[in-house]
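Read the structure below first, then the notes.
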Amino acid sequence: MIKLFVPGRLCLFGEHTDWAGHYRTMNADIAPGAAIVTGIEQGIYAEVEKSSIFELYSEAPEIEGIWQDFSCRMDESELKRIAKSGSFFCYCAGVASYMLEWYKVGGVRIRITSMTLPMKSGLSSSAAICVLVARAFNLLYNLNLNTLGEMNIAYVGELRTSSRCGRLDQACAFGVKPNLMTFDGDEIEVRSLNVKKHLYWVFADLCAEKDTIRILSDLNKAYPFPTTDADRAEHEALGQQNLDIVDRAIQYMAEGDAESLGRLMTEAEALFDEKVVPMSPALHSPKLHSVLQNPDIQPLVWGGKGVGSHGDGSVQFLARSAEAQQQLIAYLNDHGMKAYPLTLKPVHTVRRAIIPVAGFGTRLYPATRALKKDFFPIPCPDGMVRPVILILLEELVKSGIEEICLVLGSEEERQQYADYFERPLSDEHLRKLNPEAQEYENHILDIGKRLHYVYQREKRGFGHAVYQAAQFTRNEPVLLLLGDTIYRSDSNKPCALQLIEEYESYNSLMVSIHSIPLSDVSHYGILHGVWEDKENTILNVDIMHEKPKSSYAEEFLGVRNKQGEKEYYSVFGQYILTPEVFSQLHEDIMQKEIDGDHVSEIELTSALEAVRQRSGMMGVRLKGRMFDMGNPAALTRCVEEYAI
């Protein structure tokens, strides 16, 4: 049983430009589409599990009366027939038919436990259910689709119904964070956006009428080739003028300029009213404009505009503060609308990870004469025996990492990884595996597609090894794992994902930490700081001390827990490095060369401390355990305990 949540989505800027940009396949003079889209805090909660058929049930009180439990065989023609039926289940059946056709999956049972997302209000409830179905198949059948893959399948599945959704609807797949989506013919790109300060949005279901199908039908008549002045005006509004608005919106969000962003919302709505609304009578929206122009609302907001396809579906505002956000919600609810908050927080998505595996493994000699230590076999709780590197890579994939860089000692070492992750088993070998193992073999090969390799040809320390991947990071934050340590989460989230989610809240250099006995502090780097939260999980680090004596640590490095007792914290073995760390490593290496020193080691710890002093560092106490296997005693302990 897997629990899922898929949010609705709110288009902040760029409505209709997804389908408009698609027409570039027929008319190259059309400008690419661009939209800023975010998931919202409201959505669909469900529990999913494998089944022999396709089943949907609901316990959600929010849709009682409009929902009927549904099931059908996993038969392609039957699913396609239901997709065309126009019933409430058609969206789900459309996605299921695609999954069956292309992935030959079995059935799923989906039980909706709660649905807090308003329907038919421009917030893409249909897209959310499509993403939910795609994600259920993906996770239950280990299809290893990334978020964009799930999004694309949800889109194609919805197109198998009578819906004519655009590509931005399924942006809910990316969760509650703002993204820039660009639409250039058949090409679509998604990029997470930086928000410098908290932005306090309010959106509301106007509880009125709108006809999305009519709106889309009317607006599409101007494409692909405009023939009238009105057609050309629509092309301008959804083309170059929209690109200019989106560029300014990205700038204001990155600068934290809420006032300018709010004014831009009002400007975008005026442009839409002038050049797009005349193209469809269904875009006549008296309630939307009465709410936007309400004098009681103006003191609470920087600006506002319509949502989605527009019409009298939903309205959105950028409130002046958290307090104004709550006041506006109360006002809209009191006046017969359903209002919801959306607070956008500073976000940086971590897409890439680094694992240095360039060491010789001398402490595990002579076994490492034949096998690199990251290929040592470890018994796992599910009964499989995996090499260390596969355990690490699976942790990263489950945490949403898309690209992984292995730092090797030489080009010759790459062959061992290529043989394992890129070369399929022989047919004879594959036939000897049971069906589950045969399916798992495809999983290993899919992981191999995410791998990149760089080389540390001089053994000059851990910092030097990490720096070899500087170009791979593309000046973005990157996750770093140790190559001889594996992790066991005590929650339903991998340790790496826990760290990533905290990073997205704090946007700072970050290290995972765990407590160790005072008697062991002389073997580790010890961190001291103050807790940032009531749960004592986020430590604002103010001291990093390498291998202190226990007497010094007891006097200066203890961190008080909730009971007032001193605890001592060391690095857990996972880091999120900011671009500033790689700049510091570059400075350290250049300084060594200036000094004529081409031998001494470049340490990561010293670079982290330099960045900490300038920009700060957060330590995150993860829910999990680490298992070191870099020496004989630790390896023995790992083999004995990891599988339990």
Side-chain angles (χ1 to χ4, degrees), residues 4 6 8-9 16 18-23 25 44 46 48 51 53-58 63 66-110 112 115 117 119-120 122-141 143 145-173 181 183 185-188 211-217 219-220 308-309:
L4 296 179
V6 177
R9 70 99 182 102
H16 294 292
D18 49 348
W19 59 258
H22 182 264
Y23 279 111
T25 57
I44 305 173
V48 301
S51 172
I53 60 175
F54 186 50
E55 308 173 73
L56 293 106
Y57 305 100
S58 174
I63 54 176
I66 61 173
W67 175 273
Q68 290 181 327
D69 290 344
F70 162 79
S71 64
C72 76
R73 296 180 300 118
M74 284 296 289
D75 177 81
E76 190 176 327
S77 59
E78 185 173 350
L79 288 168
K80 286 183 176 179
R81 179 185 60 78
I82 296 169
K84 294 294 185 183
S85 69
S87 69
F88 192 85
F89 315 107
C90 67
Y91 301 111
C92 306
V95 177
S97 70
Y98 184 91
M99 283 294 190
L100 178 61
E101 179 179 355
W102 290 97
Y103 293 94
K104 310 304 179 187
V105 292
V108 300
R109 180 180 295 113
I110 299 175
I112 297 175
M115 184 166 179
L117 178 63
M119 299 176 62
K120 298 183 178 180
L123 301 173
S124 290
S125 55
S126 61
I129 194 72
C130 288
V131 169
L132 177 70
V133 174
R135 186 160 293 165
F137 278 106
N138 184 28
L139 295 178
L140 291 172
Y141 289 96
L143 303 180
L145 297 167
N146 62 17
T147 305
L148 189 59
E150 292 176 342
M151 174 184 166
N152 286 333
I153 289 174
Y155 169 71
V156 174
E158 187 166 353
L159 285 185
R160 293 189 170 190
T161 72
S162 59
S163 170
R164 286 298 170 261
C165 62
R167 295 303 301 269
L168 65 77
D169 289 348
Q170 288 77 23
C172 55
M181 304 182 69
F183 312 96
D186 290 328
E187 299 296 321
I188 178 172
D211 188 345
T212 301
I213 294 177
R214 173 70 186 278
I215 291 169
L216 292 173
S217 175
L219 296 186
N220 272 267
S309 57

Roughly how far apart are F183 CZ and D18 CG, rounded to 0.5 Å?
->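 Reported to 0.5 Å precision, the distance equals 5.0 Å.
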
With rounding to the nearest 0.5 Å, note down the distance linking CD1 in I112 to CG in D69.
->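 If we round to the nearest 0.5 Å, I112:CD1 and D69:CG are 9.5 Å apart.
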
Please name all residues satisfying side-chain contact (heavy atoms from CB on, under 4.5 Å) with [X], sequence neighbours left out, ordered by chain then number.
X	value
T25	H22, D186
R73	D75, E78
T212	K210, L216, S309

Which pairs pass salt bridge (Lys or Arg N to Asp or Glu O under 4.0 Å) with one or both residues in residues 93-108, sequence neighbours excluded?
->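 As it turns out, the salt bridge (Lys or Arg N to Asp or Glu O under 4.0 Å) pairs with a partner in residues 93-108, which skip direct neighbours, are K80-E101, E101-R160.
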
Could you list all the salt bridge (Lys or Arg N to Asp or Glu O under 4.0 Å) pairs where at least one residue sits in residues 125-138, not counting sequence neighbours?
->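 Listed once each, the pairs are R135-E150.
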
What closest approach, in Å, do [X] and [Y] show between heavy atoms, and which atom pair accounts for it?
X	Y	result
A46	I110	CB-CG2, 4.1 Å
I82	A93	CG2-CB, 3.7 Å
L100	M74	CD2-O, 3.4 Å
M99	A134	CE-O, 3.5 Å
G94	S97	O-OG, 2.7 Å
S71	E55	CB-CG, 4.0 Å

Would you check if the side chain of Y98 reaches a backbone N or O of Y103 as a donor-acceptor pair within less than 3.5 Å?
->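 Side chain of Y98 to backbone of Y103, a donor-acceptor pair under 3.5 Å: no, none is there.
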
Apply side chain to side chain contact (heavy atoms under 4.5 Å, CB included) to the pair V108 and V48, showing each step before the final yes or no.
-> CA-CA 7 Å; V108 300; V48 301; 5.7 Å; no

Derivation of the side chain to side chain contact (heavy atoms under 4.5 Å, CB included) call for V133 and F54 | CA-CA 10 Å; V133 174; F54 186 50; 4.2 Å; yes

All salt bridge (Lys or Arg N to Asp or Glu O under 4.0 Å) counterparts of R214, not counting sequence neighbours =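 So R214 forms a salt bridge (Lys or Arg N to Asp or Glu O under 4.0 Å) with D218.
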
Do the ring planes of W19 and Y23 sit parallel (below 30°), tilted (30 to 60°) or perpendicular (above 60°)?
->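 Perpendicular: the ring planes of W19 and Y23 meet at over 60°.
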
Where do N138 and I153 land on the side chain to side chain contact (heavy atoms under 4.5 Å, CB included) test, with the steps shown first?
-> CA-CA 10 Å; N138 184 28; I153 289 174; over 6 Å; no

Full working for side chain to side chain contact (heavy atoms under 4.5 Å, CB included) between I129 and M115 = CA-CA 10 Å; I129 194 72; M115 184 166 179; over 6 Å; no

